[in-house]
Amino acid sequence: MTRVAVLGAGITGVTTAYALAKRGVNVTLIERHRYAAMETSYANGGQLSASHAEVWNHKATILNALKWMARRDAPLLLHPWPSWHKLSWFAQFLAAMPAYERNTIATARLAIAARAHLFAWAQEEHIDFDHRRAGILHVYRDQRGFERAAGVSRLLAQGGLERRAVTRQEMRAIEPTLQGDFYGGYYTDSDSTGDIHKFTSGLADACLRLGVACRYGAQVTALAREHGKVRISVGAGEDSTLFDAVVICAGTASRAMAAMLGDHVNVYPVKGYSITVQLDDAASRAAAPKVSLLDDATKLVSSRLGEDRLRVAGTAEFNGFNDDIRADRIRPLVRWVEQCFPGVNTRKVIPWAGLRPMLPDMLPKVGPGKAPGVYYNTGHGHLGWTLAAATAEMVAEVLLSSSAANR
């Protein structure tokens with residue numbers, strides 16, 4: 001039987017291990033933390049959002065980044081200090097701009113395909129992850145943003161996603177608790193939300209039941225091709241094992257791991273922040289939104305997780321491998337809740353920051369590397385929760401097909 005190591009137990013690693021195990025593969029899941037889903041898959045915005053499939057390779061992103069550089073609380077913060085990694089990433093980002101439309105359509109298709117797998121797995125494994133199928137409402141504060149969204153909607157429609165324009169009055173009917181001056185919105189009733197940490201942890205338990213060997217607290221220190229196999233060393237290096245194949249799902253660590261195996265996977269860590277507002281009183285629970293939102297002006301998203309939690313997340317910070325939680329980056333998230341949902345008590349707020357693994361063209365790397373037996377499922381950026389179930393199925397199919405061909 002083919003022995004496969006999956007590196008990383010975030011959402012992409014756990015879904016990959018599960019997809020392989022369901023196909024009868026002998027899988028070892030290796031994770032440096034003591035538990036699954038302890039980094040970027042811990043407290044994200046919660047949205048399973050095909051409607052958020054637009055890639056960022058657009059002139060509007062560049063203009064906003066330049067405009068906001070002097071603002072410490074900017075939705076997109078580009079630190080000016082140069083590094084070769086940052087410069088090379090942005091050069092490739094600019095080079096991918098002509099593919100903006102094609103990549104947006106491809107991402108929407110992938111997001112729609114992922115839904116069926118994720119929902120089926122949750123049902124089969126009895127995973128409670130606070131799943132809420134109430135749709136996602138994108139809100140726009142001015143005519144310019146609303147009209148630009150019409151163009152994005154046409155691209156999403158080419159990818160198979162239906163989202164409809166709604167008036168201010170219709171927005172109030174969809175989410176009555178929302179306060180503020182908005183021009184209009186777009187509503188995608190097929191999108192949903194859920195707790196990524198709960199889902200990933202539940203699926204990791206399912207992996208154990210399927211026979212996956214889960215090695216937590218194991219830091220990968222070296223990867224090498226050896227006699228047609230892949231040798232993986234953990235810890236100080238005394239502990240090393242040969243596998244027939246490896247799938248690298250290691251988020252922002254994927255770039256360094258790929259380099260050990262002769263591949264260039266230019267993942268950059270783009271920091272995002274979230275807050276979890278504890279809705280401990282009845283008034284807060286009544287005043288908090290039930291429908292998931294994306295505010296285009298602030299680039300913030302919200303998701304209701306169960307009855308007693310409101311997750312608000314967003315911002316993008318290009319600052320290397322820095323996961324510090326900064327008060328000046330958290331404050332706008334709290335202020336957004338207080339302005340849009342003034343009846344919510346923000347006395348108890350839990351802040352969090354995570355590093356999204358982004359590739360310059362905003363598409364994940366899914367499939368084989370240069371050397372036989374090396375595969376990737378990484379670089380999902382801000383859409384890991386949305387896309388992971390589909391890319392896990394894709395890489396599992398490719399790996400098994402290659403293994404069968406090489407027998």
Side-chain angles (χ1 to χ4, degrees), residues 8-14 31-49 52 72-77 79 129-132 193-202 204 250-253 267-280 284 288-289 292-295 298-338 340-341 344-358 380-386 388:
I11 184 65
T12 56
V14 171
E31 165 59 46
R32 70 188 185 100
H33 290 287
R34 293 181 65 190
Y35 314 101
M38 294 304 292
E39 289 195 19
T40 311
S41 299
Y42 187 77
N44 75 349
Q47 291 188 333
L48 291 159
S49 51
H52 205 185
R72 292 177 62 86
D73 64 348
L76 193 159
L77 182 60
H79 288 264
F129 63 107
D130 291 328
H131 191 205
R132 186 183 293 267
T193 57
D195 188 321
I196 188 174
H197 183 75
K198 282 188 173 184
F199 178 87
T200 309
S201 299
T252 56
V267 168
Y268 192 87
V270 181
K271 182 159 61 171
Y273 292 84
S274 81
I275 58 172
T276 303
V277 184
Q278 296 297 137
L279 307 173
D280 290 338
S284 291
S292 182
L293 301 168
L294 189 151
D295 185 339
T298 60
K299 308 301 181 189
L300 295 181
V301 305
S302 70
S303 298
R304 185 73 172 265
L305 302 177
E307 287 302 310
D308 61 355
R309 291 184 299 155
L310 176 65
R311 177 74 47 78
V312 177
T315 79
E317 185 176 323
F318 289 81
N319 192 24
F321 287 88
N322 178 312
D323 58 2
D324 294 344
I325 300 176
R326 290 172 39 180
D328 58 349
R329 304 291 285 157
I330 291 292
R331 198 172 299 117
L333 279 66
V334 178
R335 187 165 58 242
W336 183 85
V337 175
E338 293 170 346
C340 294
F341 306 98
V344 171
N345 188 322
T346 55
R347 182 177 290 113
K348 190 183 291 186
V349 169
I350 303 169
W352 174 85
L355 300 177
R356 310 179 187 101
M358 284 194 171
H380 296 64
H382 64 298
L383 291 176
W385 182 210
T386 297

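This chain uses plain numbering: 1 for the first residue, then up along the sequence.
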**Request:** Determine, step by step, whether V14 and E31 satisfy the side chain to side chain contact (heavy atoms under 4.5 Å, CB included) criterion, reporting the C-alpha distance in whole Å, the side-chain angles of both residues, the deciding distance to 0.1 Å, and the verdict.
**Result:** CA-CA 10 Å; V14 171; E31 165 59 46; over 6 Å; no
**Request:** Using modelled atom types only, decide if a donor and an acceptor are shared between the side chain of R132 and the backbone of G306 within a distance under 3.5 Å.
**Result:** yes
**Request:** Say whether, by atom type as modelled, one donor and one acceptor occur between the side chain of S303 and the main chain of G45 under 3.5 angstrom.
**Result:** yes
**Message:** Quick check on side-chain hydrogen bond (donor to acceptor under 3.5 Å, both in side chains): which of T252, T40, N322, D323 does K271 satisfy it with?
**Reply:** N322
**Request:** Using the test side-chain hydrogen bond (donor to acceptor under 3.5 Å, both in side chains), find all partners of D308 that sit at least two apart in sequence or belong to another chain.
**Result:** none
**Request:** Report the C-alpha separation of I275 and W352 in whole Å, then their side-chain angles, then the decisive distance to 0.1 Å, and conclude whether the side chain to side chain contact (heavy atoms under 4.5 Å, CB included) test is met.
**Result:** CA-CA 6 Å; I275 58 172; W352 174 85; over 6 Å; no
**Request:** Mind running side chain to side chain contact (heavy atoms under 4.5 Å, CB included) on N345 and D280 for me, showing each step along the way?
**Result:** CA-CA 8 Å; N345 188 322; D280 290 338; over 6 Å; no
**Asked** Between L279 and A288, which heavy-atom pair has the shortest distance, and what is it?
**Response** CD1-CB, 3.7 Å
**Asked** Which pair of heavy atoms, one from A36 and one from S201, lies closest together, and at what distance?
**Response** O-OG, 4.3 Å
**Complete:** When every non-hydrogen atom of V270 is compared with those of A316, the smallest separation belongs to CG1-CB, 3.8 Å
**Request:** For ring pair (Phe, Tyr, Trp, His ring centres under 6.0 Å), just list the numbers for H131 and F129, CA-CA rounded to whole Å, side-chain angles, deciding distance to a tenth of an Å, and then say yes or no.
**Result:** CA-CA 5 Å; H131 191 205; F129 63 107; 4.9 Å; yes
**Asked** Can E338 and R331 be counted as an ion pair, charged N to O under 4.0 angstrom?
**Response** no
**Prompt:** Of all heavy-atom pairs between R309 and R304, which one has the smallest distance, and what is that distance?
**Reply:** O-CD, 3.5 Å
**Prompt:** Is the shortest side-chain N to carboxylate O distance from R326 to D328 below 4.0 Å?
**Reply:** yes
**Prompt:** Which value, rounded to the nearest 0.5 Å, describes the distance between R356 atom CZ and H380 atom NE2?
**Reply:** 15.0 Å
**Message:** Can you confirm whether S49 sits close enough to L383 that some side-chain heavy atom of one is under 4.5 Å from a side-chain heavy atom of the other?
**Reply:** yes
**Minimum side-chain heavy-atom gap L310-P289 below 4.5 Å** = yes
**Prompt:** Who pairs with H52 by ring-ring contact (aromatic ring centres under 6.0 Å, His included), at least two apart in sequence or on another chain?
**Reply:** H382
**Donor-acceptor pair, side chain of Y268 and main chain of P357, under 3.5 angstrom** = no
**Request:** Please answer whether the main-chain N or O of Q47 pairs with a side-chain N or O of T386 as donor and acceptor at a distance below 3.5 Å.
**Result:** yes
**Asked** Looking at CD1 of I330 and OG of S274, how far apart are the two atoms once the value is rounded to the nearest 0.5 Å?
**Response** 7.0 Å
**Asked** Ignoring hydrogens and geometry, is there a side-chain-to-backbone donor-acceptor pair from Q278 to R347 under 3.5 Å?
**Response** no
**Request:** Start with the C-alpha gap between I11 and F199, add the side-chain angles, then the distance that decides, and say whether side chain to side chain contact (heavy atoms under 4.5 Å, CB included) holds.
**Result:** CA-CA 8 Å; I11 184 65; F199 178 87; 3.8 Å; yes
**Prompt:** Which pair of non-hydrogen atoms, one from V277 and one from V349, has the smallest distance, and what is that distance?
**Reply:** CG2-CG2, 4.2 Å
**Request:** Starting at CZ of F341, measure out to OG of S302 and round the result to the nearest 0.5 Å.
**Result:** 5.0 Å
**Message:** Does Y42, at its OH atom, have more than 12 non-hydrogen atoms belonging to other residues, nucleotides or ligands within less than 6.0 Å?
**Reply:** no
**Distance, nearest 0.5 Å, that separates CE of M358 from CZ of F318** = 6.5 Å
**Request:** Of all the heavy-atom pairs spanning L48 and W385, show the shortest one and how long it is.
**Result:** CD2-O, 3.2 Å
**Request:** Using side-chain hydrogen bond (donor to acceptor under 3.5 Å, both in side chains) as the criterion, point out the one residue from T193, N44, T276, D130 that pairs with R311.
**Result:** T276
